[in-house]
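Positions are given from 1 along the sequence.
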Amino acid sequence: MTDPIIRAKAVEKFYLQPDGNRIEVIAPVDLDVEPGKIVALLGPSGCGKSTLLRILTGLSQPSSGEVLWHGQPIISQNAGVAIVFQSFALFPWLTVIDNVEAPLEARGVPALERHKRALRILDTVGLDGFESAYPKELSGGMKQRVGFARALVVEPEVLFMDEPFSALDVLTAENLRNELLELWLSKKMPTSAIFIVTHNIEEAILLADRVIVLGRNPARIRADFSVELPQPRDRKSPRFVELVDYVYKIMTQPDLALALPGAQAAAQKPARQKYQMLPHARVGGIAGLLELLQDRGGKEDLYRLAEDLIMDAEDLLPIIEASVLLGFATLTEGDVEITPDGGRFAEADILSRKTLFRQAAIGHVMILQQIDSILHAKTDHSISEEFFYDILDEHFSQDEVERQFETAMNWGRYAEIFDFDRESHRLVLAEPVSEPHPPTAPVQP
């Protein structure tokens, strides 16, 4: 067995709160990056993918555990890695060749040598003739090629890529993926391994030799498998479709342990969710999905649905998760199916939809159950938003607290569970006090 270039041992990331509690972002993770492999890291938005990447490169320190480089601890940023970012991150005042030479200049490489290396790598990535151009003169795809060249010119042993194609249009991204794969397979890249963070499931199955899928709250490895398909890969082959469908299931069913299709895998007991996390989906998106399902006979394959909508999993999965959470849809064996409640919502008029959504929200969503119950119990039928920030702060990072509360506000106000007074920052009961109060489901701890 080949020794790994990078080995993460029980790496964990958490943030201490002023009251002594801690927000765990990444649960203890063991992970190897081996030579000769492309590793893809998948996971829902905000789950900690980029944080884990920064820890593996030495840019960020874990709260516990250790990262080893060829068996030795990484103390600071490692000279054997380079990163390609999502946002190009070029210096606009420098020419293409100056941008590529910048990391070599920072490492003290003599001017003549760094110029030769920069010209050679620009030719490799197809930018010969653009050495004197400035970033503002380049298309998005060409800017990302400059990013590739700048990362490769230092001849890293491991090339890290943080969603490198997500800022590009579909055709440009597909072209660059193919070019990256061609450089890798032809061994024209001066690198031993690639570690790519992505939210695009097809991209991961197309490129990677190994795929790791993270869960969230906190991040933990939910699936880790090899893609034993020859390159170039056929998107329409049964095994490719099967693997894509498997990852969709993993990402849309966070509480289930699913075995890799075609392999014997031991079922693992799912980690207990500390507090219900709301998918970040707006009511309009949920309504649109339900209407589409209703038009298609009530059931559709996830993979086909994403393909027809020309949507990434990053955009589609939260909407599906929200529909399932509210009881408007079910997800089984990679198929999303509308429920009778979902069908009634899809066919209802505007006012009836509000009533149906209200019933679903109070029946299934913990924080909305709590808000509804407390507003009815208080004599003035109002409460400060800070109360719920404090509850969420016990379970989520600061950024996630904002996102959770924003989603709860969007759902609750649409359902007319409460209004929000912006001057006092208080939630106020929306319905008349005398209106019969529907029974609420018991709040889970």
Side-chain angles (χ1 to χ4, degrees), residues 1 3-34 37 39-83 156-158 160-163 193 195-199 210-225 250-251 254-255 257 266 268-277 390-404 445:
M1 181 177 176
D3 292 333
I5 302 171
I6 299 174
R7 168 161 287 173
K9 299 172 65 176
V11 164
E12 184 181 16
K13 190 70 175 179
F14 56 81
Y15 298 99
L16 291 175
Q17 302 294 92
D19 60 3
N21 291 327
R22 69 182 195 177
I23 302 296
E24 190 177 35
V25 179
I26 300 175
V29 166
D30 295 320
L31 191 155
D32 289 347
V33 179
E34 299 174 339
K37 297 288 183 66
V39 179
L41 183 68
L42 280 162
S45 177
C47 74
K49 301 187 296 293
S50 295
T51 300
L52 183 55
L53 178 146
R54 292 176 63 84
I55 290 173
L56 294 176
T57 60
L59 287 175
S60 178
Q61 293 298 310
S63 302
S64 64
E66 62 178 346
V67 179
L68 304 178
W69 175 269
H70 290 293
Q72 299 299 315
I74 293 181
I75 299 174
S76 60
Q77 183 180 355
N78 196 295
V81 305
I83 305 175
E157 191 167 2
V158 181
F160 285 87
M161 310 177 79
D162 193 359
E163 301 199 20
F195 188 96
I196 180 170
V197 167
T198 179
H199 63 258
R210 175 183 168 201
V211 173
I212 300 170
V213 185
L214 293 184
R216 62 183 176 189
N217 192 36
R220 63 192 185 279
I221 294 177
R222 297 207 59 234
D224 184 349
F225 61 94
I250 287 286
M251 294 180 67
D255 295 325
Q268 296 180 344
K269 185 178 179 180
R272 183 176 179 272
Q273 190 82 332
K274 294 179 181 178
Y275 195 88
Q276 185 184 51
M277 176 179 275
D390 289 343
I391 292 175
L392 295 171
D393 192 52
E394 294 292 322
H395 304 279
F396 304 110
S397 65
Q398 184 175 352
D399 288 345
E400 188 59 41
V401 166
E402 294 286 347
R403 285 155 61 89
Q404 287 292 300

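In this structure, the side chain of Lys13 does not engage the main chain of Ile55 through any donor-acceptor pair within 3.5 Å. Side chain of Ser63 to main chain of Phe14: a donor-acceptor pair is present (N/O by atom type, distance under 3.5 Å, no hydrogens or angles).
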Go through the steps to decide whether Phe160 and Leu59 satisfy the test side-chain contact (heavy atoms from CB on, under 4.5 Å), and finish with yes or no.
CA-CA 12 Å; Phe160 285 87; Leu59 287 175; over 6 Å; no
Step by step, work out the side-chain contact (heavy atoms from CB on, under 4.5 Å) result for Asp32 and Val39.
CA-CA 10 Å; Asp32 289 347; Val39 179; over 6 Å; no
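Under the 4.5 Å side-chain criterion, counting only non-hydrogen atoms from C-beta, Val11 is not in contact with Leu56. Considering only heavy atoms from C-beta on, Phe225 stays 4.5 Å or farther from Ile250 through its side chain. Residues Val158 and Ile6 are in side-chain contact: their nearest non-hydrogen atoms beyond the backbone lie under 4.5 Å apart. Using a 4.5 Å cut-off on side-chain heavy atoms (C-beta onward), Asp162 and Ser50 make contact. Looking only at side-chain heavy atoms (C-beta outward), Leu214 and Leu41 come within less than 4.5 Å of each other. Within the 4.5 Å cutoff, the side chain of Trp69 has heavy atoms near those of the Ile5 side chain. The shortest distance between side-chain heavy atoms of Ile221 and Val29 falls below 4.5 Å. For the pair Ile212 and Leu42, the minimum side-chain heavy-atom distance is 4.5 Å or more.
Residues meeting the salt bridge (charged side-chain N to carboxylate O under 4.0 Å, His left out) test with Asp30, sequence neighbours left out: none. The salt bridge (charged side-chain N to carboxylate O under 4.0 Å, His left out) test applied to Arg403 returns Glu400, not counting sequence neighbours. Residues satisfying the salt bridge (charged side-chain N to carboxylate O under 4.0 Å, His left out) test with Glu66, not counting sequence neighbours, are Lys9.
The CD atom of Glu163 sits 6.0 Å away from atom OG1 of Thr198, with the distance rounded to the nearest 0.5 Å. From Lys49, atom NZ reaches atom CZ of Arg54 across 15.0 Å, with rounding to the nearest 0.5 Å. With rounding to the nearest 0.5 angstrom, the CG atom of Leu53 is 11.0 Å from the CE atom of Met161.
Side-chain contact of Glu12 with Ser64: a donor-acceptor pair under 3.5 Å is present, judged by distance alone.
Nearest heavy-atom pair, Val81 versus Pro156, reported as atom, atom and distance to 0.1 Å: C-CB, 3.8 Å. The shortest non-hydrogen separation linking Glu24 to Pro218 is O-CB, 3.2 Å.
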